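Report on one structure; see the data block that follows.
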Number of protein chains: 2
Amino acid sequence: MTTTRKSTAGRRPGDSGTRETILDAATAAFLGLGYDGATMRGIARAADVDAALVVHFFGSKDGLFKAVLAAGVDPIRRIAAFADGPDEGLGDRLIRHYLDVWEAPDTSARMTTVLRALALSSSAVELLKGFIGEAVLGPLSGRLNADEAPLRAGLCGAHLAGLSLTRYILKVEPIASLDPGRLAAIVGPCLQHYLSGELGEPPAT
Amino acid sequence: MTTTRKSTAGRRPGDSGTRETILDAATAAFLGLGYDGATMRGIARAADVDAALVVHFFGSKDGLFKAVLAAGVDPIRRIAAFADGPDEGLGDRLIRHYLDVWEAPDTSARMTTVLRALALSSSAVELLKGFIGEAVLGPLSGRLNADEAPLRAGLCGAHLAGLSLTRYILKVEPIASLDPGRLAAIVGPCLQHYLSGELGEPPAT
DNA sequence: CGTTGAACTCAACGCCTGTTGACCTTCCGA
DNA sequence: TCGGAAGGTCAACAGGCGTTGAGTTCAACG
């Protein structure tokens, strides 16, 4: 027995979905503990795997977080579908697509992960900012033909972010329990106003 | 020279406000880096002091964080003053009071610290919910004579929370750099619509 | 059948963390 | 005048962190 290993190493037989297992464990860890709180070793342990394998798959902790972000935030891209259609119903379609995404159970868990991670680490803030800018605000402001498109997109983003925080994370009533359709009907017109209305002028009920 | 120290140790002459210096440094650190990101050594360095002294004063990192939170207390309550005055300008006064509080440098630092604490414990979430409910939503919904007052207040709260997240914490442009007066002029009418408008009807630019 | 590369483990690296205990120096009250 | 107590430094601890590199095992392809 000169250099014989313990034989636990090496590739496993069959098609192991280890990568996905790790990703799930990482999602749960980031959700429960935040970016800094979650550790590579802990995630590896939860996935019943060596920490080095996590590095092997995702390169680094940052890479892993980005992968979680990409997987969790990927549904955000679905929101972009709201852009198809005439200008007039834009605000309404935006809020409906947005709510659709958040109401899906696993999706909302993933997105909550992202938001939670924000509170603990500043590096996560940079990551999320980049993603929001690229995946949501960019396409949105690109589609708008009104002036000050980035501002309009930012206002919508701020309103939607606040809605998520209130409804899905803090669960403040009565917003949290409100019927999605009703909420969309209420918020849609305001988004529309931000998108195409006269900024700084009263919406005039 | 058996055990002679470098003579840098020992009590400093005069009345040194070292404790407060440390508290300030800690506030800044927690704000900029989050709980885990901020380090005892870093805080000590910023206060030009040894890390052990921080422990000496506050017991532990947890104790220091709690001290920072306790020092901040309740600038939120100042927002409640918006309620004085006629109904018509309510939305406008709400956003202006809200921005006033957040624009004050030390206040915003402290509030952001609290927000960051959210991820630490679910009790922090309860704390914030209580704060929001008591200081903003309560007075607001109590004052409104329209129907569905809690819902209206909740909508305003959601919008404002999103604004804080976007402007002060994530610092997403162009919202972050927007002139406060302009921002108030833009958002005020929408708040007003939530407060007294026809919910679910278009604001009709 | 041989080779290549992907999957996987193991041991170790260097770094940074919060905390401790010993020690020193000044202030203040008895 | 003298003795705590309070303010302050220093060196070191033990442990956790992300990451690395070498090594092993398996699957797939020519």
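In what follows, chains carry the letters A, B, and so on, assigned in the order in which the sequence lines appear, proteins first and then strands, with residues in each chain numbered from 1. Small disclaimer: the values here were computed from a predicted structure and weren't measured.
- We find that CZ of B/Arg19 is positioned 13 Å from C1' of D/dA6, with the value rounded to whole Å.
- With rounding to whole Å, B/Asp36 atom CG is found 17 Å from C/dC16 atom P.
- Near DNA chain D, meaning a heavy atom under 4.0 Å from it, residues 41-53 of chain A has A/Arg41, A/Ala52 in order of number.
- Taking atom NZ of A/Lys61 as the reference point, atom P of C/dC15 lies 19 Å away to the nearest angstrom.
- Partners of B/Asp92 according to the salt bridge (Lys or Arg N to Asp or Glu O under 4.0 Å) rule, which considers only residues two or more places apart in sequence or in another chain, are B/Arg96.
- An OP1 or OP2 oxygen of D/dG8 is reached within less than 4.0 angstrom by a side-chain nitrogen or oxygen of B/Thr18.
- In this structure, CE of B/Met40 is placed 20 Å from P of D/dC13, rounded to the nearest angstrom.
- In this structure, B/Tyr98 contributes its side chain and B/Leu160 its backbone to a donor-acceptor pair below 3.5 Å.
- Within 6.0 Å of atom CG in B/Asp48, 12 or fewer heavy atoms from other residues, nucleotides or ligands are found, so the atom counts as exposed in its surroundings.
- B/Lys61 contributes no side-chain N or O that, together with a main-chain N or O of B/Val55, makes up a donor-acceptor pair within less than 3.5 Å.
- A ring-centre distance under 6.0 Å is found for B/His159 and A/Tyr194.
- Rounded to whole Å, atom P of C/dA7 lies 11 Å from atom CZ of A/Phe58.
- Here A/Glu103 contributes atom CD and A/Tyr168 contributes atom OH; the two are 3.5 Å apart, rounded to the nearest 0.5 Å.
- Counting to the nearest Å, the P atom of D/dT25 and the NE2 atom of A/His56 are 17 Å from each other.
- Picking from D/dG18, D/dT19, C/dC8 the nucleotide with the shortest atom distance to the side chain of A/Thr39 gives D/dG18.
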